[in-house]
Amino acid sequence: MATEEALAAEMRAHRLHAFLKGRRDHLALSQEAVAARLEITSRAYWNWERGRVKEWTDEKLYLLADALEMTEFQIARLFWYAVDRAPQPDLRTMFSSTGAGDPATLAFLGDYGVMMDALSLPTFVIDRRWDVKMANKAYRDLFRDVRAHPTSMPSTNFLRFGLFHPDAPTVLVDHLKWQFAMLAQLSSSLERHDDDAGLQAIRRDVYLRPPLRDAYLTDMPNWVLGSGADLVHHEGAVRELRHPDVRVGLRGCRLVEETPWSLKALGLMRLTLVLVNLDDRSMPKGALRAVSTQPDPQAPTRVA
């Protein structure tokens, strides 16, 4: 038994080293640079990267995840490789002293909604179930032609819309790629919140649809091996999206998270759909030019 435990620990350490080194190489960071972010010595980080740590605490793992700019999906992988379990809910959220019903918090959210409406790109705020809590006018305009659905409206839950709504492919053009990313996001969210009834309900609905069930159980894990990320941070991913306004039309779309601490403390996340010209997808990462969803009033209207 002791030999089996030692072998399992050695395998986890090997996977952890490959995972952390791969992430560091992706970010083009040296060990010294990561150590500086963690405010530890280079030798100490060398040991961290090889799993030579006396005890992995949640604090250390979250600090490491921040230093390597990990997504929720990658954080879950980090915990499984390091301590053989899923991460616990974020302690910042768990011990937040300000509830969503607090008058000051409600006032902040109201002001934040005003700020979001002033933005030209579609942006929305979700909870851990991907229930949409706030959305700006540009987001509502993007989905204005979507027909009513009892459970899968984009104004209600973004994952449900992309997975189950029959109109989803009219907006999310390369729909299969969107679905794989959403299924990966569902799996990632369930790893962190496996007791969440809302996420469990989405998974049950996936299982009721044989093509989606097969994709979730077989195709999606293979897709993850190649992409290594979830919906939010599939690095480099620009998927196609069609805006109902013909003056905007078919665009590339990158999903970007930009969540202030005040929202994170409430267990919320803000996402923006950054629309880009499709011709710009071959440009280096970081050089893509965002396109406003508010059409140029001087531009001629195309006839559909």
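Note that this is a predicted model, so its numbers are computed, not measured. This chain uses plain numbering: 1 for the first residue, then up along the sequence.
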Looking only at non-hydrogen atoms, find the nearest pair between [X] and [Y] and report the distance.
| X | Y | value |
| --- | --- | --- |
| L199 | R128 | CD2-O, 3.8 Å |
| P122 | N136 | CA-OD1, 3.7 Å |
| M220 | F180 | CG-O, 3.8 Å |
| L29 | A67 | CD1-O, 4.4 Å |
| L208 | P210 | O-CD, 3.5 Å |
| D141 | P244 | O-CG, 3.3 Å |

Evaluation steps, side-chain contact (heavy atoms from CB on, under 4.5 Å), between H243 and L142: CA-CA 6 Å; H243 197 283; L142 176 63; 3.6 Å; yes
Flag side-chain contact, heavy atom, 4.5 Å: [X] against [Y]:
| X | Y | value |
| --- | --- | --- |
| H26 | E69 | no |
| R251 | N277 | yes |
| V34 | W48 | no |
| L109 | L266 | yes |
| L78 | R23 | no |
| Q200 | R203 | yes |
| E32 | S42 | yes |
| L255 | L273 | yes |

Basic-acidic side-chain contact under 4.0 Å: R77, E191: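 Looking at R77 and E191, the cut-off is met.
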Check: [Y] main-chain N/O paired with [X] side-chain donor or acceptor under 3.5 Å:
| X | Y | answer |
| --- | --- | --- |
| R144 | R140 | no |
| D174 | E240 | yes |
| S189 | Q185 | yes |

With rounding to the nearest 0.5 Å, note down the distance linking [atom1] in [X] to [atom2] in [Y].
| X | Y | atom1 | atom2 | answer |
| --- | --- | --- | --- | --- |
| T272 | E257 | OG1 | CD | 10.0 Å |
| R50 | L16 | CZ | CG | 10.5 Å |
| Q74 | L20 | CD | CG | 11.0 Å |
| D117 | Y139 | CG | OH | 13.5 Å |
| K21 | E49 | NZ | CD | 7.5 Å |
| L38 | L68 | CG | CG | 7.5 Å |

Before you tell me yes or no, could you show the steps for L263 and F108 under side-chain contact (heavy atoms from CB on, under 4.5 Å), namely the whole-Å CA-CA distance, both residues' side-chain angles and the distance that decides it to 0.1 Å? CA-CA 10 Å; L263 287 183; F108 161 74; 4.0 Å; yes
Determine whether [X] and [Y] fall in the same hydrophobic cluster, where Ile, Leu, Val, Met, Phe, Trp and Tyr are linked whenever their side-chain heavy atoms lie under 4.5 Å apart.
| X | Y | answer |
| --- | --- | --- |
| W80 | F19 | no |
| M134 | V114 | no |
| W46 | I40 | no |

More than 12 heavy atoms of other residues, nucleotides or ligands under 6.0 Å from NZ of K60: is that the case? yes
Start with the C-alpha distance between R160 and T151, add both sets of side-chain angles, then the distance that settles side-chain contact (heavy atoms from CB on, under 4.5 Å), and finish with yes or no. CA-CA 7 Å; R160 281 191 168 277; T151 62; 4.3 Å; yes
For the pair R129 and D127, evaluate salt bridge (Lys or Arg N to Asp or Glu O under 4.0 Å) and give the outcome as yes or no after the intermediate values. CA-CA 5 Å; R129 300 176 176 180; D127 62 11; 5.4 Å; no
Indicate every side-chain donor-acceptor pair of residues 163-172 with a distance under 3.5 Å to a residue at least two apart or in another chain.
residue, atom, partner, partner atom, Å
H165, ND1, D167, N, 2.9
H165, NE2, R147, O, 2.8
D167, OD1, R147, NE, 3.0
D167, OD1, R147, NH2, 2.5
D167, OD2, R147, N, 2.8
D167, OD2, R147, NE, 3.0
T170, OG1, D167, O, 2.5

Applying the ring pair (Phe, Tyr, Trp, His ring centres under 6.0 Å) test to F124, which of F143, Y112, W130, F158 qualifies? F158
Could you give me the CA-CA distance, side-chain angles and deciding distance for Y216 and Y207, then say whether side-chain contact (heavy atoms from CB on, under 4.5 Å) is met? CA-CA 8 Å; Y216 184 74; Y207 285 169; 3.7 Å; yes
